[in-house]
K.L.:
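Following this message is one structure expressed as structure tokens.
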Amino acid sequence: MPRFKSWDEIEPTATKAERALIERLRRAEDLVSNPGESKLPHITWSEVIDDKYDDRHIRATVLKTILLNFRFDPSDLQTLRIESCFISGPLDLSHQAELPSFHAHNCVFECGFKATSTRWTQDLQLTHCRIPYFHASGAELGGQLNADGSSFGFTKEPVPVEPDQTEPFTLNLQDAKIRDGALLRETHFLGAVMMNNLKVGGELNFQCASFCGAAAHAQCNVSKSANDRSAHIALDLTDATIGKTFYFADITDCAGNVKLTNLSATTFCDCGTNLAASDRHRNTPKLDLDGFTYSRIQGATDAKTRLIWLEQGESLTPTEREFFPQPYKQLAKVLYEMGHEEEATQIRVTLAQKLTRNSRSARIWFTGTEWKFFKVLLLLPTIWLGHVLHWFVGYGFRPGRSLIALVLLWLLATVPAHFAWEEGSFAPNSAVALQSDSWAKYDADHNHPPHPNPAKDWSLTSTIGRDWESFNRYAYAADLVVPIIDLGQTDAWAPSTTRGPCGWHLWWARWVFTLFGWIVTALGAAALTGIIRRE
């Protein structure tokens, strides 16, 4: 298309909309063409070029000429506003400096809008517009970018692929700098949104947006396999920096992966958005959260919702499994600082479980099978230790579990102690008592009448027995289980292996109860001191 340098060159072929634009600029009025008009209809561009929409048709070359060259007295306008217009031809403002503010509302662009390495002094607004693509990598905006309600990529023509791109894009803001903020609410993207290394001084708002990154050449409801669609990128914010809040809430559709790798934001707001639920195509998008840092969360803070959110960042298939602990640590840190300590603890416990499981699976999958059996045997202690840490102390984050385990172990130990005593399988744990005449009387095989429970009878009727330590099943169980207390029961009484089955079983079980008592107590102490805690 021709490039104009003055109004005299434009005037002979000017459309009604272009003439109205010039007149308004001359009168210091910055709004042109059909204000308040509803959404423009879908048209064929031949109809626009044939003057059917002459009152709405503005050529891209005319817009470029005005933005680059025209200044009108007396106001020297710094903003060019157009509304409800058809923009024909490609609009290329690449590598320009000190461009004035440009506002387009309810407009339809025939071709893409390029503004690579362009510097805008103020705002750039493309609200409720339909644009094949917007390429502004390396651009600088002295104000705000506003594309609320717009549709990028909705065109019958293929979305172009630049030489440095791996897939079609509809919005490219790589390495761009926006001073105030970027508003992309209720915006629709048919193709990848590339924002690598974007710097935004204010907020980045994607509320109610939809991403169809895996269907760049067709409508959102095009049928494709899950594997094919999930391999594409819907949104890439790798290494981006957001000065204020990053809004990623109420996403209506997401057909592709979202990369938030090394993204930095002050506040993250997603209202608990679940991309898997928002994807109408039943293809679970991958949410890459490795390196994503933020100071606060706006939205759901319960552990259940947040764990679902974190799991979207893990690989989709076992063969691609790779676990990144940073997102869990970041979330736990933020929740704890916000006062949600219980939720933070649940996140940390889940992280410890995944770290244990992941390290275990990483060691078991290896090339060759001849040593696999031995490999599994070596892993059994690790598996057992992981379960013990989880059950008894919650990987160090729930030391109270050790107290509960100790109480349960104590109650369990009272059962065999009770039956062994009632069976008569206990005897004094002292050589002096065992050799006394009083004990021999009750313990004799030929005593008359017979004494089925000599220990009980001896302690109730004999002189020495009445002064001996009285047996108590609860105190005896506590002596067995709790290593840090001594109630004197195990020193005074001992089970016999020859008087009955209950005594025989208790004689062997007491070693098990003592061992587990030491293990549980040691784990509880280690959890309280933070020795085994995995942050």
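Since the model is a prediction, treat every value here as computed from it, not as a measurement. We use all heavy atoms of the structure for the numbers below, so side chains are in, but hydrogens, waters and symmetry mates are not.
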K.L.:
Can the ring centres of F246 and F268 be said to be less than 6.0 Å apart?
P.N.:
yes

K.L.:
Is there a side-chain hydrogen bond (donor to acceptor under 3.5 Å, both in side chains) between T116 and H95? Walk through the geometry before answering.
P.N.:
CA-CA 6 Å; T116 306; H95 306 288; 5.7 Å; no

K.L.:
Considering residues at least two apart in sequence or located in another chain, which fulfil the side-chain contact (heavy atoms from CB on, under 4.5 Å) criterion with E341?
P.N.:
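Testing E341 for side-chain contact (heavy atoms from CB on, under 4.5 Å), a comparison that skips the adjacent residues, returns Y336.
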
K.L.:
Step by step, would you call N197 with D239 a side-chain hydrogen bond (donor to acceptor under 3.5 Å, both in side chains)?
P.N.:
CA-CA 5 Å; N197 203 34; D239 297 318; over 6 Å; no

K.L.:
Should F169 and F152 be marked as a ring pair (Phe, Tyr, Trp, His ring centres under 6.0 Å) after you check the CA-CA gap, both sets of side-chain angles, and the distance that decides it?
P.N.:
CA-CA 9 Å; F169 64 85; F152 292 88; over 10 Å; no

K.L.:
What residues, two or more places apart in sequence or in another chain, satisfy side-chain contact (heavy atoms from CB on, under 4.5 Å) together with A176?
P.N.:
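Once residues adjacent in sequence are excluded, the partners of A176 under the side-chain contact (heavy atoms from CB on, under 4.5 Å) criterion are L173, L198.
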
K.L.:
So I58 and L63, do their side chains get closer than 4.5 Å, heavy atoms only?
P.N.:
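Yes, close enough: below the 4.5 Å cut-off.
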
K.L.:
Q122 versus F102: any side-chain heavy-atom pair under 4.5 Å?
P.N.:
no

K.L.:
Is the closest basic N to carboxylate O distance between K244 and D180 below 4.0 Å?
P.N.:
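Between D180 and K244 there is no salt bridge, as every charged N stays at least 4.0 Å from the carboxylate O atoms.
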
K.L.:
Any non-hydrogen side-chain atom of L184 less than 4.5 Å from a side-chain atom of F189?
P.N.:
yes

K.L.:
Hey, does K114 have a side-chain heavy atom less than 4.5 Å from the side chain of Y133?
P.N.:
yes

K.L.:
Do R119 and Q96 come close enough that some side-chain heavy atom pair is under 4.5 Å?
P.N.:
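Answer no - side chains too far apart.
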
K.L.:
Apply side-chain contact (heavy atoms from CB on, under 4.5 Å) to Q346 and list each qualifying residue two or more places apart in sequence or on a separate chain.
P.N.:
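If we apply the side-chain contact (heavy atoms from CB on, under 4.5 Å) test to Q346, skipping adjacent residues, the hits are A303, E342, R398.
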
K.L.:
Who passes side-chain hydrogen bond (donor to acceptor under 3.5 Å, both in side chains) against D92, sequence neighbours left out?
P.N.:
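With neighbours one apart ignored, the set is S94.
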
K.L.:
Under the side-chain hydrogen bond (donor to acceptor under 3.5 Å, both in side chains) test, which residues partner Y294, sequence neighbours left out?
P.N.:
none

K.L.:
With sequence neighbours excluded, give me every salt bridge (Lys or Arg N to Asp or Glu O under 4.0 Å) pair touching residues 185-209.
P.N.:
D148-R185

K.L.:
Return yes if some donor-acceptor pair links the side-chain N/O of T118 with the main-chain N/O of L93 below 3.5 Å, else return no.
P.N.:
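Here the side-chain-to-backbone pair exists.
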
K.L.:
For F134, what residues pass the ring-ring contact (aromatic ring centres under 6.0 Å, His included) criterion, not counting sequence neighbours?
P.N.:
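F134 satisfies ring-ring contact (aromatic ring centres under 6.0 Å, His included) with F113 once adjacent residues are dropped.
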
K.L.:
Measure across A344 and A332 and return the closest heavy-atom pair with its distance rounded to 0.1 Å.
P.N.:
CB-O, 3.4 Å

K.L.:
Does either side chain, that of S150 or that of H128, offer a donor lying less than 3.5 Å from an acceptor on the other one?
P.N.:
no

K.L.:
Find out whether L331 and E343 are in side-chain contact, i.e. whether some heavy atom of one side chain is under 4.5 Å from a heavy atom of the other.
P.N.:
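L331 does not reach E343 side chain to side chain.
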
K.L.:
Not counting sequence neighbours, which residues clear side-chain hydrogen bond (donor to acceptor under 3.5 Å, both in side chains) with K333? List them please.
P.N.:
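Testing K333 for side-chain hydrogen bond (donor to acceptor under 3.5 Å, both in side chains), a comparison that skips the adjacent residues, returns E337.
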
K.L.:
Going by side-chain contact (heavy atoms from CB on, under 4.5 Å), name the residues that satisfy it together with L307, two or more places apart in sequence or in a different chain.
P.N.:
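Listed in chain order: L310, Y328, I347, T350.
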
K.L.:
Is the shortest heavy-atom distance from the side chain of L126 to the side chain of I131 under 4.5 Å?
P.N.:
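Of all side-chain heavy-atom pairs linking I131 with L126, at least one is under 4.5 Å.
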
K.L.:
Determine, for R59 against E18, whether the closest basic-nitrogen to carboxylate-oxygen distance falls under 4.0 angstrom.
P.N.:
yes

K.L.:
Is the shortest heavy-atom distance from the side chain of F248 to the side chain of L204 under 4.5 Å?
P.N.:
no

K.L.:
Test of understanding: with side-chain hydrogen bond (donor to acceptor under 3.5 Å, both in side chains), list the residues that count as partners of T261, not counting sequence neighbours.
P.N.:
D288

